[in-house]
Amino acid sequence: MMCELTGRYLIERYVAALAAEDPKFKLPDDRQLAYEYVDREAVGGEPYWRTYFVDRAVRLSGSAISDAAATYDPNTYRPVVTVQFNRYGGRVFGDLTAQNVGRKFATILDDKVKSAPIINGAIRGGSAQISMGGGNADVQEAEAADLVAVLKTGSLPAPLREESASTVGPSLGRDAVDKAQTAFILGIVLVVIVMVGIYRVSGALALITLTLNVLLQMTAMVLIDATLTLPGIAGIVLTFGMSVDGNIIIFERIREELEKGKSVRGAVDTGFSRALGAILDGQLTTMAGGLVLYAYGSGPITGFAVTLIIGNITALLANIWCTRVLYDHYLNFIRRGNRPVSI
């Protein structure tokens, strides 16, 4: 198996092996190795890792920095980074630079050394200037910009400055809710008119089944703590159509059997049994689509998928069980004598 090992890992492994062989090579508890990734691809060189032997304790954190900016030295015209400290940071930085003249000051972010300039003297007054090394001007400018980003990132939480403000009213959301409610009510009214107008008493039984279906769907959503969103309302409306569609299949099957001359009880039994396959096929196919939406969708799509899946299950239960129970009750107790079934 081939794998690529970074230079940093190799150095760490080498130092650990030395310490295991001879305890005198073990790093002191108050010191550690720090690593800087030097990318020289811009100048045609190979990247490498540079190591530093640094104090383990962080002497000055990024919260002490109030600002950082990339500018140019007026004498050399080379990119430099100007750092501004707050009152606490300026005092600590002045003491550190006074105690470590001639040594390097490492700036570390995400466990990597981003810059390690040499301290030439005590720096007081709450500001400092970092010169960029190397001879390529483009590389120096890029390093200066990167260092500014590191210093500002390390000083988070950063102060916020308001650039613009605008007020947006809830008109868009209110309009969407109003349209969803209108579609919901209009769909119910049209379903009532069509079912009662075409199938009469059987259509009224289908509306009772539809009501039970909605109650079951709402109960299931409460039990699983599902959120009803606007796409979810669309899923409920779609469930209405699927539930009514199942009843229409059953009623049409019963009509076909009655036209063949069968008795009412025989036509009902045969109609329900023959409609079962078509209802299962339609509901399970739609449920499969809902499962795909739930698995790969997010946000509103997930809300729609949850409502659709629950609606499929409750509609299947309502079509197969609730409608049959209501129809048997209608035939046995409400319809008397030899009166034809209202379908």
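Distance CZ/R103 to CG/L96: 10.5 Å, rounded to 0.5 Å. Once rounded to the nearest 0.5 Å, the distance linking CG of L60 with CZ of F105 reads 5.5 Å. Between the CG atom in N213 and the CG atom in L207 there is a gap of 12.0 Å [rounded to 0.5 Å]. Atom-to-atom distance recorded for L18:CG and L27:CG is 10.0 Å, nearest 0.5 angstrom. Put simply, CZ on F304 and OH on Y294 are 15.0 Å apart, with the number rounded to the nearest 0.5 Å. With rounding to the nearest 0.5 Å, the separation of CG in L317 from OG1 in T323 is 9.5 Å.
Hydrophobic clustering (ILVMFWY, side-chain heavy atoms < 4.5 Å, transitive): L291 and M221 are in one cluster. Note on V194: it clusters hydrophobically with V196, by side-chain heavy-atom contacts below 4.5 Å among ILVMFWY residues. Clustering ILVMFWY residues whenever any of their side-chain heavy atoms sit less than 4.5 angstrom apart, transitively, puts M218 in a cluster other than the one holding L238. Hydrophobic clustering places I208 together with I248 (ILVMFWY residues linked when any side-chain heavy atoms are closer than 4.5 Å, directly or through intermediates). By the criterion of side-chain heavy atoms lying less than 4.5 angstrom apart, applied directly or through intervening Ile, Leu, Val, Met, Phe, Trp or Tyr residues, I193 is grouped together with I185 in one hydrophobic cluster.
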- Message: Go through it in stages, so that I can follow the logic: the residues are D269 and R324, the test is salt bridge (charged side-chain N to carboxylate O under 4.0 Å, His left out), and I'd like the CA-CA distance, side-chain angles, deciding distance and then a yes or no.
- Response: CA-CA 9 Å; D269 292 340; R324 184 59 188 266; 2.4 Å; yes

- Full working for side chain to side chain contact (heavy atoms under 4.5 Å, CB included) between N247 and N319: CA-CA 6 Å; N247 285 312; N319 289 146; 3.6 Å; yes

- Message: Is there a side chain to side chain contact (heavy atoms under 4.5 Å, CB included) between R124 and T97? Walk through the geometry before answering.
- Response: CA-CA 8 Å; R124 302 188 185 276; T97 53; 5.6 Å; no

- Might you work through the side-chain hydrogen bond (donor to acceptor under 3.5 Å, both in side chains) test for S66 and N86, ending with a clear yes or no? CA-CA 6 Å; S66 60; N86 55 28; over 6 Å; no

- Query: Are Y52 and Q32 close enough, and set up right, to give a side-chain hydrogen bond (donor to acceptor under 3.5 Å, both in side chains), and what steps lead you there?
  - Reply: CA-CA 8 Å; Y52 298 91; Q32 69 176 8; over 6 Å; no

- Message: side chain to side chain contact (heavy atoms under 4.5 Å, CB included) for N120 and V101? Distances and angles first, verdict last.
- Response: CA-CA 6 Å; N120 295 320; V101 175; over 6 Å; no

- Does the pair E36 and Y48 meet the rule for a side-chain hydrogen bond (donor to acceptor under 3.5 Å, both in side chains), with working shown? CA-CA 8 Å; E36 178 186 8; Y48 63 92; over 6 Å; no

- Taking it one step at a time, do Q129 and V81 satisfy side chain to side chain contact (heavy atoms under 4.5 Å, CB included)? CA-CA 6 Å; Q129 194 175 77; V81 175; over 6 Å; no

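By the 4.5 Å heavy-atom criterion applied to side chains, L212 and L210 are not counted as neighbours. Using a 4.5 Å heavy-atom threshold, the side chains of R200 and M195 count as separate. Proximity of E12 to L33: side-chain heavy atoms (C-beta onward) are nowhere separated by under 4.5 Å. Looking at heavy atoms from C-beta onward, I313 lies in side-chain contact with M287 at the 4.5 angstrom threshold.
Remark: side-chain polar atoms of D22 are paired, donor with acceptor, to backbone N or O of K24 under 3.5 angstrom. Checking side-chain atoms of S243 against main-chain N and O of T239 turns up no donor-acceptor pair under 3.5 Å. Not a single donor-acceptor pair under 3.5 Å links the side chain of T270 to the backbone N or O of A267. Of the possible donor and acceptor atoms, one in the side chain of R56 sits under 3.5 Å from a partner among the backbone N and O of D29.
Relative ring orientation between Y327 and F272 is described as perpendicular, the plane-to-plane angle rising above 60° on a 0-90° scale split at 30° and 60°. Aromatic ring orientation, Y199 versus F251: tilted (interplanar angle from 30° to 60°).
Residues meeting the side-chain hydrogen bond (donor to acceptor under 3.5 Å, both in side chains) test with N312, sequence neighbours left out: none. Every residue meeting the side-chain contact (heavy atoms from CB on, under 4.5 Å) condition with E256, not counting sequence neighbours, appears here in chain and number order: R253.
Residue R59 qualifies as open at atom CZ: its count of foreign heavy atoms under 6.0 Å is 12 or below. Within 6.0 Å of CG on L186 lie more than 12 heavy atoms contributed by other residues, nucleotides or ligands.
Pairing each heavy atom of S127 with each of Q84, the nearest pair is CB-OE1, 3.5 Å. Between G235 and T307, the closest heavy-atom pair is C-CG2, 3.9 Å. In plain terms, the two heavy atoms of L326 and L205 that are nearest each other are CD1-O, 3.8 Å. When every heavy atom of F93 is checked against every heavy atom of A128, the shortest pair comes out as CE2-CB, 3.5 Å. Nearest heavy atom pair, residue I198 against residue R255, reads O-NH2, 3.2 Å. In terms of heavy atoms, G290 sits closest to L308 at CA-CD2, 4.1 Å.
Under a cutoff of 6.0 Å and an axis angle of 45°, R31 and F53 form a cation-pi pair.
The existence of a salt bridge linking R265 and D328 is confirmed by a sub-4.0 Å separation between a basic side-chain nitrogen and an acidic carboxylate oxygen.
Screening L223, L216, I224, T219 against I310 for a side chain to side chain contact (heavy atoms under 4.5 Å, CB included) leaves a single residue, I224.
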